[in-house]
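Here is the naming used below: chain letters follow the sequence lines, and residue numbers restart at 1 for every chain.
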There are 2 protein chains.
Amino acid sequence: MESMSAVNMLSALGHDGRLAIFRLLVKAGPQGVAAGQIARALDVLPNSLSANLNILAHAGLIASRREGRSIIYSADYGAMSGLLGFLMEDCCNGAPEICSPLTAVLARVEGCGPACAPKAPA
Amino acid sequence: MESMSAVNMLSALGHDGRLAIFRLLVKAGPQGVAAGQIARALDVLPNSLSANLNILAHAGLIASRREGRSIIYSADYGAMSGLLGFLMEDCCNGAPEICSPLTAVLARVEGCGPACAPKAPA
DNA sequence: CTCATATTTCGAGAATAATGGAAATATGGA
DNA sequence: TCCATATTTCCATTATTCTCGAAATATGAG
């Protein structure tokens, strides 16, 4: 993860509408969502949506594939993981004041994610 | 962490110069760095620096205090931690594809941070 | 081939952000 | 008080981004 691509990702996500798109795509999982469905779900014009999808794709945060008449967009998990890793490790130097609290977040999150089987009985 | 403040932080960091400022302040630690020193270190005009410091401060990512003639800026660790937590937990729903690799980052990072004593001999 | 659906591309206007020079403010020292 | 240092504020210019209507492209069905 280079600093420049991190800046691109951050500024892509630093926009209300685009953050909403990305969140929707993460929730939808790897199967993705068609552009038209996104537009309806978020109530945005198809052309602004297209522009924002393009920005997210150019930043590497989402991928697209055509399926019949629709174009399906999906979140790029690796890219997001890379961005978070960059922020923790490179940007923040692994400062414990920043990173330590995240251990708790990870503990809370691992075991309740959409595709994650619980390892210990709750 | 509300979504709006996350957007503000992301767009504040989604700028070359501001990301560089923030990284410098994280490296510097809680004692912070005077504005003039930042300007010299990053070779930017004092007035653009001031504008960018203002944007970072308004996003909650940095704090400032006056010390004599200088104004000392320092990274707000809690804010950054909150942003990362929001991205993992709320934005990404704790998707294991995104969050699991971060366990390794945390493991690598805890034990080599600037203010962190090693727990096991290297 | 024609038509309907899905999405993108084009283009113009408005809004916002970035840049840098010059002046203003705040502090400390002589 | 006067001066030097440190930083911010003000202002104008340029550049970028956002928004939305309209037209263009791509696909599949009849």
Measure from the side-chain N and O atoms of B/Asn93 to the backbone N and O of B/Ala95, and report whether any donor-acceptor pair falls under 3.5 Å. no
Check the hydrophobic clustering (I, L, V, M, F, W, Y; side-chain heavy atoms under 4.5 Å; chains of links allowed) and say if B/Val33 and B/Leu42 are grouped together. yes
To the nearest angstrom, the CG-C1' distance between B/Asn8 and C/dT16 comes to 14 Å
Whole-Å distance separating the NE2 atom of B/His58 from the P atom of C/dT16: 14 Å
Assess whether side chain to side chain contact (heavy atoms under 4.5 Å, CB included) is satisfied between B/Leu10 and B/Leu83, documenting all intermediate values. CA-CA 8 Å; B/Leu10 288 166; B/Leu83 175 61; 4.2 Å; yes
Respond yes when some side-chain nitrogen or oxygen of B/Tyr73 is under 4.0 Å from OP1 or OP2 of D/dT8, and no when none is. yes
In whole Å, what is the span from the CG atom of B/Leu13 to the P atom of C/dA17? 15 Å
Exercise: identify the closest heavy-atom pair between A/Ile98 and A/Leu102: O-CG, 3.6 Å
Quick one: list whatever passes side-chain contact (heavy atoms from CB on, under 4.5 Å) with B/Pro101, sequence neighbours left out. A/Ser81
Interface polar pairs with nucleotides 24-29 of chain C, N/O, under 3.5 angstrom:
none

Who pairs with B/Ile55 by side-chain contact (heavy atoms from CB on, under 4.5 Å), at least two apart in sequence or on another chain? B/Ala12, B/Arg18, B/Asn52
Nearest-Å distance for atom pair CD1/P, residues A/Ile72 and C/dT8: 11 Å
Hey, mind stepping through A/Cys91 and B/Leu19 against side chain to side chain contact (heavy atoms under 4.5 Å, CB included) and telling me if it holds? CA-CA 8 Å; A/Cys91 171; B/Leu19 186 60; 4.1 Å; yes
Residue pair A/Arg23 / B/Asp90: nearest heavy atoms and the distance that separates them: NH2-O, 3.5 Å
Give, ordered by number, those residues of residues 28-36 of chain B having at least one heavy-atom distance below 4.0 Å to an atom of DNA chain D; if nothing qualifies, reply none. B/Ala34, B/Ala35, B/Gly36
Return the value, rounded to whole Å, for the distance between atom CG of A/Leu49 and atom C1' of C/dT9. 14 Å
Strictly distance-based, threshold 3.5 Å: is any side-chain N or O of B/Ser100 a donor or acceptor partner for the main-chain N or O of B/Pro96? yes
Using whole Å, report how far CG of B/Asp16 lies from C1' of C/dA17. 15 Å
N/O contacts under 3.5 Å, protein versus nucleotides 17-23 of chain D?
{"unit_1": "D/dC18", "atom_1": "OP1", "unit_2": "A/Arg18", "atom_2": "NH2", "d": "3.3"}
{"unit_1": "D/dC18", "atom_1": "OP2", "unit_2": "A/Arg18", "atom_2": "NH1", "d": "3.4"}
{"unit_1": "D/dG21", "atom_1": "N7", "unit_2": "A/Asn47", "atom_2": "ND2", "d": "2.7"}
{"unit_1": "D/dG21", "atom_1": "O6", "unit_2": "A/Asn47", "atom_2": "ND2", "d": "2.7"}

Yes or no on side chain to side chain contact (heavy atoms under 4.5 Å, CB included) for B/Leu56 and B/Ile21, after CA distance, side-chain angles and deciding distance? CA-CA 9 Å; B/Leu56 287 167; B/Ile21 294 169; 3.8 Å; yes
Output side-chain donor-acceptor pairs under 3.5 Å for residues 61-73 of chain A, partner residues at least two apart or in another chain, one line each.
{"unit_1": "A/Arg65", "atom_1": "NE", "unit_2": "A/Glu67", "atom_2": "OE1", "d": "3.1"}
{"unit_1": "A/Arg65", "atom_1": "NH1", "unit_2": "A/Gln31", "atom_2": "O", "d": "3.4"}
{"unit_1": "A/Arg65", "atom_1": "NH2", "unit_2": "A/Gln31", "atom_2": "O", "d": "2.9"}
{"unit_1": "A/Arg65", "atom_1": "NH2", "unit_2": "A/Glu67", "atom_2": "OE1", "d": "3.4"}
{"unit_1": "A/Arg66", "atom_1": "NH1", "unit_2": "A/Gly68", "atom_2": "O", "d": "3.3"}

Without decimals, in angstroms, what is the distance between A/Arg65 CZ and D/dT27 C1'? 16 Å
Select base, sugar-phosphate, or nothing to describe what A/Ser70 touches, counting heavy atoms under 4.0 Å on all strands. sugar-phosphate
Let me know the distance between CG of A/Asn54 and P of C/dT9, rounded to the nearest Å. 6 Å
